[in-house]
Each structure stands twice: as C-alpha cells, then as structure tokens.
There are 2 protein chains.
Amino acid sequence: MADITVLIVDDHPVVRDGLRGMFAGTAGFRVVGEAADGRQAVALAERLRPDVVLMDLRMPGGGGVEAITELTRRGLPCKVLVLTTYDTDTDTIPAIEAGATGYLLKDAPRDELFDAVRAAAEGRTVLSPAIAARLVSRVREPRSESLTARELEILRLVARGTSNREIAAELFISEATVKTHLTHIYAKLDVKDRAAAVAAAYERHLLP
Amino acid sequence: MADITVLIVDDHPVVRDGLRGMFAGTAGFRVVGEAADGRQAVALAERLRPDVVLMDLRMPGGGGVEAITELTRRGLPCKVLVLTTYDTDTDTIPAIEAGATGYLLKDAPRDELFDAVRAAAEGRTVLSPAIAARLVSRVREPRSESLTARELEILRLVARGTSNREIAAELFISEATVKTHLTHIYAKLDVKDRAAAVAAAYERHLLP
DNA sequence: CCTGCCATCAGCCGATTGGTCGATGCCGCC
DNA sequence: GGCGGCATCGACCAATCGGCTGATGGCAGG
C-alpha cells in the first residue's frame with residue numbers, strides 16, 4: 001500500500017520540524033510539503049494533493065478555519081486533521097463545521113497521532129477525548145442558551161470593568177452569588193473567562 | 001440666606017435615608033425630594049427646581065449620565081453633584097462631560113460633602129482627589145489614543161478567552177511582554193481590566 | 001406533590017491578573 | 001546624534017478570579 005502523503009501547516013518552524021521528523025522516522029507516511037499560514041496551505045494543497053493536511057489553528061496571515069473552509073469549498077479530496085495546542089479554543093466547533101476530519105491536541109502521544117492520520121486518510125473521524133466531550137454536550141443542548149435577566153445585568157457590569165466585589169455591592173448580593181452567575185454565563189456562552197464572555201455577548205448582540 | 005434645596009437621587013433606599021438624615025440635622029440645607037432612577041430624577045428636578053442634585057451613577061432604569069445629559073439639555077438651572085461608590089467608574093469622565101458640577105465618593109467625610117454641596121450651589125467645581133488626578137492625566141494626553149498593531153493582536157486573543165500565558169506561547173514572546181502590552185491597552189482605552197478592554201474595543205469598532 | 005429552574009450564599013483553593021518598578025534594543029525623525 | 005515610540009523582558013506582590021462542592025428557598029409547570 002502506498003504511503004499516506006501529508007502536508008504540514010503550522011506557523012511555528014519548530015513544530016513543523018518536529019512533525020516532519022516524526023513522520024520521517026515512520027513507515028507508511030510521506031511529508032510532501034509544509035506551509036506557515038492558511039493561504040500557503042490552500043495553495044500547496046491544491047498543487048500537492050496530499051491525503052491528509054495537518055493543520056494548526058490560529059496562525060498569522062490566514063487562520064486555519066478559513067483555510068479549511070476554502071479547501072472544502074474547492075472540493076479538494078484531502079482530509080484535514082486539526083492539530084492545536086489548546087482544547088479551549090473557541091475555534092474548535094467552527095473548525096469541525098468547516099470540514100475538519102479530526103481534531104487532536106499537540107500533546108497527544110505520537111502513536112495516537114499516527115493512528116489519527118491513518119484514520120483521517122480513510123475518512124474516519126478522530127477527536128481527542130476533550131473535544132469529543134464538548135461536541136456531545138453541544139449536541140445535547142440544541143444551541144441558543146439564553147441568559148437570564150440577572151445574568152445579563154451582571155454581564156453588562158462586567159463589560160464596564162466592574163469587579164465581582166463591586167458588582168455584589170451594586171446589586172446588593174454577595175460576591176459568591178456573582179461568581180455563581182458568572183459560572184453559569186461562561187457555560188452558556190461556551191467561554192472560560194469574563195473577557196471572552198464580553199466578546200461573545202457583543203458577537204451575539206446581547207450588548208449594544 | 002435661604003436654605004440650599006437638594007434633590008437626592010440613588011437607587012438604594014438606605015443611601016437615600018442616610019443622606020436625608022445628614023442634611024436634616026444640618027442648618028442651611030433642605031431636601032426637597034428623592035428619586036430612585038434617572039427618569040424620576042429628571043421629572044422631579046423639573047418640578048422641584050432644586051439648587052443641587054445629588055446623583056448616583058449606575059442605577060437601574062435610567063442611568064445617571066443620561067439623566068445629567070437630559071438635565072443640561074433642558075437647561076435646568078440646577079447643579080449636579082455626582083456621588084458614587086467607586087472612583088474606578090468608566091462613567092467618571094462621561095458624567096463630567098455631560099455637565100456634572102462635581103464628583104465625590106460616598107466615603108467622603110460629611111463635612112466634605114456639605115462643603116461640596118455649598119460649592120456646587122454656587123457653581124464651583126469640586127472633585128475628589130482621585131478624580132481630579134485622573135482628569136489632569138486625561139488632559140495631558142489629548143485623546144484618541146490608537147492601539148498599535150501588536151496591541152490589537154493581543155486584544156483579539158484576549159477577546160477569545162486566551163490567557164496571558166497562552167498568548168505568550170502563541171506569539172512567541174514572554175508573559176511579561178504580554179502584560180506590558182495589556183497595561184498599555186488599559187491606559188489607552190481608559191479601562192482597568194481585560195473584560196472592559198474587550199467591551200471598549202467593540203464599542204469603538206476595533207473588533208468585528 | 002414533585003421536579004426543574006432561578007437566585008441566593010459559603011468556603012476553600014490554585015491560577016491568573018494587574019500594578020509597579022526598572023531595563024534593553026530597534027527604528028524613524030528632526 | 002539624541003529623542004520618542006514600540007516591542008521586548010524580569011521580578012515581585014497583592015488582589016482578583018475561576019473551579020469545586022454543596023446547600024437553601026421561591027416559584028412555575030406538569
């Protein structure tokens with residue numbers, strides 16, 4: 001059986017070298033190219049027609065999600081395996097929606113990575129456990145979690161730079177309660193801190 | 001000389017009672033009314049024509065800044081003395097721009113409060129030291145601070161919920177540098193934490 | 001009546017943040 | 001050649017934040 005051809009896309013040379021080295025020392029794979037951003041990735045994928053694209057998200061000059069979207073739009077037959085550093089990315093879901101075949105964390109053991117690439121080449125979906133869990137919970141809750149009036153009130157104050165203690169004083173409740181509300185807000189907006197919550201609120205037009 | 005007539009505006013009954021009590025026990029002042037939000041404040045000020053309006057910012061149902069704007073728009077002769085809990089409000093400058101005559105913190109000693117009301121009645125400006133300092137620094141920097149490319153880059157990541165450590169890794173710089181950039185961002189946007197910075201960025205259309 | 005949602009609160013913990021010094025190197029501009 | 005803006009880093013410290021576990025009361029809907 002022919003080798004699986006791989007295109008490596010990452011803005012960090014170190015990571016590219018590391019990946020290239022790993023595949024070089026393993027039978028069954030062949031790295032056919034490297035790209036440092038989304039635009040290069042699309043161009044190279046078009047020319048080299050790799051079986052699998054190993055794609056980092058978050059790159060300067062053409063993000064990963066856009067690149068994936070573009071690849072699927074052009075109908076290229078290659079499979080995209082997202083390989084990222086953090087599982088907390090808000091890009092996780094968009095990347096999968098854009099057409100990524102799998103999603104792995106960079107700290108995955110090498111064997112796991114090889115398995116994932118083989119799986120991707122065959123079109124099978126491979127997700128890291130953390131991502132899988134998030135996807136499941138996402139499906140279980142059919143979107144559009146809306147904030148309660150109280151939660152919105154608190155979020156507005158957060159957007160003004162008000163601290164938890166100040167919010168508590170302002171609303172005549174305890175700091176513990178404020179934190180509870182915030183935890184709920186984070187869960188509903190699928191973010192992990194107040195800054196991202198504010199951004200999400202603006203994106204969804206919950207704030208002017 | 002006639003008493004100075006005062007209108008108290010605060011959403012907290014406790015605060016209203018406290019203020020009313022203080023003025024009741026002091027010669028030279030007369031509390032002519034109370035309001036619990038901005039709209040009531042404007043209506044009462046129109047009817048009662050007080051010399052001085054003691055105004056809290058941040059109230060449910062008609063914020064203080066809007067009320068001040070409305071009062072000046074209607075050309076009412078009353079002076080507005082802002083009386084608030086925190087000097088960290090992002091509302092500080094807007095309130096003064098809207099036409100507030102003075103700005104005091106609620107923890108000011110009573111004598112200071114009385115002096116401030118007398119001063120306001122005569123049209124003299126009284127600012128708490130902290131506010132005065134901020135105003136000065138504001139004047140020294142003639143506005144419209146724009147963010148550098150690097151700062152914007154960091155702010156974008158912050159809006160995604162990225163931690164300082166993660167930003168550092170992503171951009172190949174140290175965490176110290178990220179913090180330095182953030183400090184600059186806070187100063188330029190006149191906010192004090194990342195959540196407010198994100199909000200300010202959206203307000204000023206620095207982010208999509 | 002019971003169940004679920006909402007709002008409220010407590011206490012503990014580690015991680016993160018923001019503040020404040022100071023310092024360096026690069027670059028463009030006058 | 002100096003000056004200012006920008007980006008970079010370090011170290012230390014207090015405050016804040018977020019996560020976790022668990023609990024209570026009110027109120028609506030089944």
Side-chain angles (χ1 to χ4, degrees), chain A residues 60 86-88 90 130 133-134 137 140-142 144-200, chain B residues 60 86-90 130 133-134 137 140-200:
Chain A
Y86 311 107
D87 66 337
T88 54
T90 51
R134 289 183 62 198
S137 69
R140 287 192 351 113
E141 315 190 22
S144 79
E145 288 277 27
S146 65
L147 301 183
T148 67
R150 198 54 155 172
E151 287 162 355
L152 250 186
E153 200 173 357
I154 286 178
L155 192 49
R156 266 189 284 266
L157 289 172
V158 165
R160 289 191 180 185
T162 319
S163 74
N164 290 347
R165 189 189 311 273
E166 291 169 344
I167 293 173
E170 190 70 22
L171 300 183
F172 266 134
I173 58 181
S174 87
E175 206 175 328
T177 305
V178 175
K179 289 170 71 173
T180 302
H181 283 307
L182 278 174
T183 300
H184 293 160
I185 292 173
Y186 299 154
K188 288 184 178 179
L189 298 182
D190 189 32
V191 296
K192 63 188 181 59
D193 64 33
R194 46 180 56 215
V198 169
Chain B
Y86 312 107
D87 66 338
T88 54
D89 277 9
T90 52
R134 288 184 63 198
S137 69
R140 288 188 354 111
E141 312 190 22
R143 257 309 355 93
S144 78
E145 292 276 27
S146 67
L147 300 184
T148 69
R150 198 54 156 170
E151 286 163 355
L152 250 187
E153 199 173 357
I154 286 178
L155 192 48
R156 266 190 284 268
L157 289 172
V158 165
R160 289 190 182 186
T162 319
S163 75
N164 290 347
R165 190 187 312 274
E166 290 169 345
I167 294 173
E170 191 70 22
L171 299 183
F172 267 132
I173 58 181
S174 88
E175 208 175 325
T177 305
V178 175
K179 290 172 68 172
T180 302
H181 283 307
L182 278 174
T183 299
H184 293 161
I185 292 173
Y186 298 154
K188 288 184 179 179
L189 299 182
D190 189 31
V191 296
K192 64 187 181 58
D193 64 33
R194 45 180 58 212
V198 169

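By convention in this document, chain letters (A, B, ...) are assigned in the order of the sequence lines, proteins followed by strands, and residues within each chain are numbered from 1.
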Would you kindly give the [atom1]-to-[atom2] distance between [X] and [N], to the nearest whole Å?
| X | N | atom1 | atom2 | result |
| --- | --- | --- | --- | --- |
| Ile167(A) | dT16(D) | CD1 | C1' | 12 Å |
| Glu153(B) | dC6(D) | CD | P | 15 Å |
| Glu175(A) | dA15(D) | CD | C1' | 11 Å |
| Arg194(A) | dG18(D) | CZ | P | 5 Å |
| Ile185(A) | dC5(C) | CD1 | P | 18 Å |
| Leu155(B) | dA7(D) | CG | P | 13 Å |
| Leu147(A) | dC5(C) | CG | P | 16 Å |
| Ile173(A) | dT24(D) | CD1 | C1' | 16 Å |

**Heavy-atom side-chain contact between Leu189(A) and Leu155(A) under 4.5 Å** = yes
**Prompt:** Are His181(A) and Val158(A) close enough that some pair of their side-chain heavy atoms sits under 4.5 Å apart?
**Reply:**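 They are not in side-chain contact.
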Is any side-chain N or O of [X] closer than 4.0 Å to OP1 or OP2 of [N]?
| X | N | value |
| --- | --- | --- |
| Arg165(A) | dT16(D) | yes |
| Thr180(A) | dT8(C) | no |
| Asn164(A) | dT16(D) | no |
| Thr148(B) | dC6(D) | no |
| Ser163(A) | dA15(D) | no |
| His181(B) | dT8(D) | yes |
| Thr177(A) | dT8(C) | no |
| Arg150(B) | dT8(D) | yes |

**Prompt:** Which nucleotide sits closest to the side chain of Lys179(A): dT17(C), dT8(C), dG19(D)?
**Reply:** dG19(D)
**Request:** Return the nearest nucleotide to the side chain of Tyr186(B); candidates are dG18(C), dT8(D), dC9(C).
**Result:**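 Within the option list, the nearest is dG18(C).
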**Request:** Could you say whether Leu171(B) or Asp193(A) is positioned toward the 5' end of DNA chain D, judged by the nucleotide with the nearest heavy atom to each?
**Result:**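 On the 5' side of the pair lies Leu171(B).
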**Sole candidate of Val178(A), Thr162(A), Thr177(A), Leu157(A) that passes side chain to side chain contact (heavy atoms under 4.5 Å, CB included) when paired with Leu171(A)** =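 Exactly one candidate clears the test, Leu157(A).
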**Asked** Quick one: do Glu153(B) and Arg156(B) make a salt bridge, cutoff under 4.0 Å?
**Response**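 Answer for the salt bridge query: no.
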**Message:** Looking at Lys179(B) and Asn164(B), would you say the former's side chain and the latter's main chain have a donor-acceptor pair under 3.5 Å?
**Reply:** no
